[in-house]
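Worksheet: the structure to be examined is printed underneath.
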Protein chains: 4
Amino acid sequence: MSSSQRKPARRSTGARRSAEAEEAILQAAGEILQEAGYAGFSIEAVARRAKAGKPTIYRWWRGKADLLLDAYHRQKPEIPVPDTGNLEEDLTVFVGTLLEHWRTTPSGNIFRSVLAEAQNDEAAAEAVRDYALDRRDHIAGIVKRARDRGEVASDTDPHAVAELVISFAWTQLITHRWPGEAELRAILRLIARGAKAERA
Amino acid sequence: MSSSQRKPARRSTGARRSAEAEEAILQAAGEILQEAGYAGFSIEAVARRAKAGKPTIYRWWRGKADLLLDAYHRQKPEIPVPDTGNLEEDLTVFVGTLLEHWRTTPSGNIFRSVLAEAQNDEAAAEAVRDYALDRRDHIAGIVKRARDRGEVASDTDPHAVAELVISFAWTQLITHRWPGEAELRAILRLIARGAKAERA
Amino acid sequence: MSSSQRKPARRSTGARRSAEAEEAILQAAGEILQEAGYAGFSIEAVARRAKAGKPTIYRWWRGKADLLLDAYHRQKPEIPVPDTGNLEEDLTVFVGTLLEHWRTTPSGNIFRSVLAEAQNDEAAAEAVRDYALDRRDHIAGIVKRARDRGEVASDTDPHAVAELVISFAWTQLITHRWPGEAELRAILRLIARGAKAERA
Amino acid sequence: MSSSQRKPARRSTGARRSAEAEEAILQAAGEILQEAGYAGFSIEAVARRAKAGKPTIYRWWRGKADLLLDAYHRQKPEIPVPDTGNLEEDLTVFVGTLLEHWRTTPSGNIFRSVLAEAQNDEAAAEAVRDYALDRRDHIAGIVKRARDRGEVASDTDPHAVAELVISFAWTQLITHRWPGEAELRAILRLIARGAKAERA
DNA sequence: GGATAACCGAGACGGTACGTCCTGTCTTCGA
DNA sequence: TCGAAGACAGGACGTACCGTCTCGGTTATCC
């Protein structure tokens with residue numbers, strides 16, 4: 001029996017990805033995370049809310065973790081890098097702004113969910129690792145400026161300083177704590193002093 | 001047994017809570033977390049492995065989070081507090097030992113799972129918050145000793161130092177990173193310097 | 001690391017199959033087939049209507065075909081075997097009753113669905129084959145009685161007669177036809193005459 | 001809405017139906033039915049195999065049933081009408097040839113699928129009903145010739161005889177049975193005797 | 001010979017159903 | 001009388017098809 005498979009007579013591309021659908025899905029994902037948290041977040045729930053078919057979601061995202069990360073990146077805080085001429089002040093303003101953003105917008109809840117998912121899903125874990133390094137480099141810029149001003153010891157590694165800053169902020173988030181102004185400043189003063197200190 | 005003349009048809013009161021069952025359940029929970037991580041952890045899986053009924057688990061634990069916390073407390077690391085006479089060394093040894101313990105025993109995976117669950121479950125979140133404060137006080141002891149030795153500035157808050165140390169360790173855990181010896185020392189030297197520094 | 005798998009300390013049996021659930025599921029299956037036909041029949045729809053969980057259905061039936069067959073056997077027509085002393089009359093009454101039953105109760109629609117499913121599913125196909133043979137033997141009984149009365153030629157195979165009777169009835173069903181009284185009698189007279197005839 | 005002044009710009013025609021696509025689609029449908037049966041038959045599968053777009057199929061066929069019927073008519077058996085001068089022989093040869101054709105070519109599987117689909121789809125059901133009547137008239141021709149030869153009782157309805165013949169053949173098909181030579185002859189002898197018999 | 005409309009393939013879309021897994025509650029029975 | 005075994009309702013998982021739609025690209029006419 002001959003096969004009916006014809007050679008592709010034409011080159012064609014097919015329909016394009018629907019921007020409306022993508023938008024509606026990410027929107028719905030964000031809303032669910034904001035309203036019901038990670039516990040209420042499911043592909044089914046997102047599809048229902050976005051009035052999208054589940055296969056549409058699975059066509060563009062590999063799973064829960066992938067969608068979660070996209071929803072986060074879509075509304076992650078873009079914290080302005082302060083430049084007050086003083087390292088302690090710069091770091092305090094930066095972390096204060098970040099925590100305030102997490103506390104008052106959905107992004108805190110979403111990022112918390114991303115961190116939780118990263119404990120399940122290796123892809124999410126890697127994405128979080130990459131994101132942490134990216135943020136570390138970002139904050140290291142603040143420290144480098146301080147070093148250029150001569151405010152920081154020459155043997156201080158800006159990445160190490162940034163690592164401490166990030167660790168503090170993330171840990172506050174995952175333990176659901178929102179430090180007061182004084183507490184915040186005390187911590188970042190400690191870091192800034194450590195950076196400034198000459199070799200022992 | 002009964003001594004009275006008129007015996008009740010049956011004197012027996014039934015089985016008592018089985019310590020063996022509790023042990024098997026916690027054991028199974030730990031093993032699953034070690035082998036398959038949080039993703040493979042389910043009440044069903046624990047019951048299967050422990051050869052216990054699901055209702056037995058639900059009778060003694062309120063849910064996933066509760067069981068998880070119990071499994072953690074059962075084998076949480078009891079890191080000895082070092083006393084080398086030098087703050088930086090004390091902190092480096094302490095954190096190094098902690099991370100090594102997390103890396104080489106089930107406790108790292110289990111605590112990671114507890115942190116993940118705390119993003120969903122309010123009870124777990126509160127338990128984590130309490131645990132964080134407990135650990136903070138624990139580590140603050142190291143700093144207080146250094147202050148008593150005059151190694152630390154008088155206006156340094158031992159709790160703030162401890163907070164930074166914990167944040168660093170926990171963040172390494174949740175981002176699945178295991179810093180090398182040099183990297184670890186650089187971070188803790190930074191903290192120790194910040195603690196020692198006189199008022200700016 | 002030691003395994004936590006304990007030896008089963010007790011032999012126990014667990015909860016028993018719920019007769020209510022089974023009843024509700026078969027009831028729902030029958031109603032759906034009656035109201036919406038095979039096209040509207042799905043495990044999901046049955047579960048919804050029976051207020052049962054899908055896993056409960058899959059626990060006891062291997063799939064659509066299996067459930068369908070059970071629903072059929074539950075309300076299949078138990079046509080009384082007539083005994084009028086005349087073969088043509090017996091067969092006409094039997095087939096007329098059967099077709100009438102199929103036409104006026106859900107069982108016709110259900111059996112039609114079973115036949116359709118048997119074209120997809122090998123298990124259903126075998127069940128249908130077995131059922132056909134069973135019915136053939138059943139009807140052959142009518143012919144044997146006629147042979148004992150001397151009404152039928154000695155070289156007539158009762159099974160062959162029964163085969164023709166069944167084929168006629170089933171084909172009417174699958175072509176959605178309901179023959180009139182006269183048409184029905186003409187066909188069965190033909191069969192009865194064939195059975196009676198002496199060797200040519 | 002629009003003014004009648006302005007005539008339709010053009011009476012355009014455009015590209016015509018692609019015979020190549022139609023051919024490939026029917027070919028693919030037949031192959032799938034032959035290889036995987038009705039269970040593996042889906043519009044998606046046909047489109048994939050024929051390297052055609054789904055809308056192309058839906059443009060020319062109303063759905064699964066329609067395509068199925070077309071695929072059947074395309075290769076339905078054209079059984080030659082035998083003329084041996086003996087009714088029993090004619091019918092045995094005819095049915096034997098038909099069953100052999102169904103058994104050894106795709107047409108059996110395809111027709112089985114058509115019958116299955118006719119239990120779901122009203123259009124298919126009607127087509128099957130029409131086809132059954134057409135086949136009945138076709139076979140009735142054999143009986144009429146026998147009546148003209150005086151081989152058949154004058155009060156025998158050729159349509160009733162044909163009905164029985166068809167019913168037998170179709171029922172064998174849908175129960176996936178292939179009767180042996182002896183069994184086949186016994187059945188058709190029964191029919192032929194019934195046709196010949198004088199009024200009781 | 002250029003415009004134009006219907007065709008074509010490819011494939012995304014909102015949906016429904018599939019069959020599996022897990023949750024937390026319940027029922028049964030054995031010790 | 002408690003614990004094991006496991007059934008239960010429910011709901012999410014990720015996949016396959018349904019039938020419709022929107023793309024570009026092609027082709028055959030008509031002006």
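The sequence lines fix the lettering, A, B, ..., with proteins before strands; numbering per chain opens at 1. Since this is a predicted model, take the numbers as computed values, not measurements. All values below come from the heavy atoms of this structure, side chains included, with hydrogens, waters and symmetry mates left out.
- For D:Lys54 against E:dG11, a side-chain-to-base donor-acceptor contact under 3.5 Å is absent.
- Counting heavy atoms of neighbouring residues, nucleotides and ligands inside a 6.0 Å radius, atom CZ of B:Arg62 does not exceed 12 of them.
- Rounded to an integer number of Å, the gap from CD of D:Glu117 to P of F:dC18 is 10 Å.
- Formation of a donor-acceptor pair under 3.5 Å by the D:Gln119 side chain with backbone atoms of C:Ile174 is found in this model.
- A salt bridge is defined here as a Lys NZ or Arg NE, NH1 or NH2 lying under 4.0 Å from an Asp or Glu carboxylate O, and B:Glu117 with B:Lys64 fails to meet this definition.
- Taking every side-chain heavy atom of C:Thr56 into account, F:dA9 is the closest of F:dA9, F:dA16, F:dT20.
- As a whole-Å value, the separation of A:Trp61 CH2 from E:dA12 P is 13 Å.
- Of the side-chain N and O atoms in A:Arg16, none sit less than 4.0 angstrom from OP1 or OP2 of E:dA12.
- Both C:Gly63 and A:Ala52 lie close to DNA chain E; mapped to their nearest nucleotides by heavy-atom distance, the more 5′-ward contact belongs to A:Ala52.
- Geometric assessment of C:Arg17 against the ring of C:Trp61 yields a positive cation-pi assignment under the 6.0 Å and 45° thresholds.
- Checking E:dG19, F:dG6, F:dG14 against every side-chain atom of C:Ala15, the shortest atom distance belongs to F:dG6.
- Remark: A:His73 pairs with A:Tyr131 by the ring pair (Phe, Tyr, Trp, His ring centres under 6.0 Å) rule, at least two apart or across chains.
- In this structure the side chain of D:Glu126 never reaches within 4.5 angstrom of the side chain of C:His176, judged on heavy atoms.
- Per the geometry, CG belonging to A:Asp66 stands 11 Å off P belonging to F:dG14, to the nearest Å.
- Looking at which nucleotide of DNA chain F each of B:Gly53 and D:Gly40 is closest to, the 5′-most match is held by B:Gly53.
- For the pair B:Arg59 CZ and F:dA4 P, the interatomic distance rounds to 8 Å; values are reported in whole Å.
- Residue A:Ile43 has its side chain nearest to F:dC13 when only F:dA7, F:dC13, F:dT20 are considered.
- Of the residues in residues 18-28 of chain A, none has a non-hydrogen atom less than 4.0 angstrom from any atom of DNA chain F.
- Not one side-chain nitrogen or oxygen of C:Arg17 sits closer than 4.0 Å to the OP1 or OP2 atom of F:dA7.
- Distance, D:Glu44 CD to E:dT16 C1': 14 Å, rounded to whole Å.
- What separates CZ of B:Phe41 from P of E:dC21 is a distance of 19 Å, to the nearest Å.
- Look at CZ on B:Arg62: it is 13 Å from P on E:dT25, rounded to the nearest Å.
- The side chain of A:Tyr58 approaches F:dT15 more closely than any other nucleotide in the set F:dA12, F:dT15, E:dT23.
- Scored by the ring pair (Phe, Tyr, Trp, His ring centres under 6.0 Å) test, C:Phe41 finds no partners at all (sequence neighbours excluded).
- Phosphate proximity of E:dC7 to D:Trp60: absent, as no side-chain N or O sits under 4.0 Å from OP1 or OP2.
- Between the C:Ser113 side chain and the C:Asn109 main chain, a donor and an acceptor come within less than 3.5 Å of each other.
- Among the nucleotides E:dT16, E:dC7, E:dC18, the one closest to any side-chain atom of A:Pro55 is E:dT16.
- C:Lys51 comes within 4.0 angstrom of the backbone, heavy atoms only, and of no base.
- Residue contacts for A:Arg48: at a heavy-atom cut-off of 4.0 Å it reaches the sugar-phosphate backbone alone, with no base atom in range.
- The separation between B:Asp121 atom CG and E:dT23 atom P is 13 Å, rounded to whole Å.
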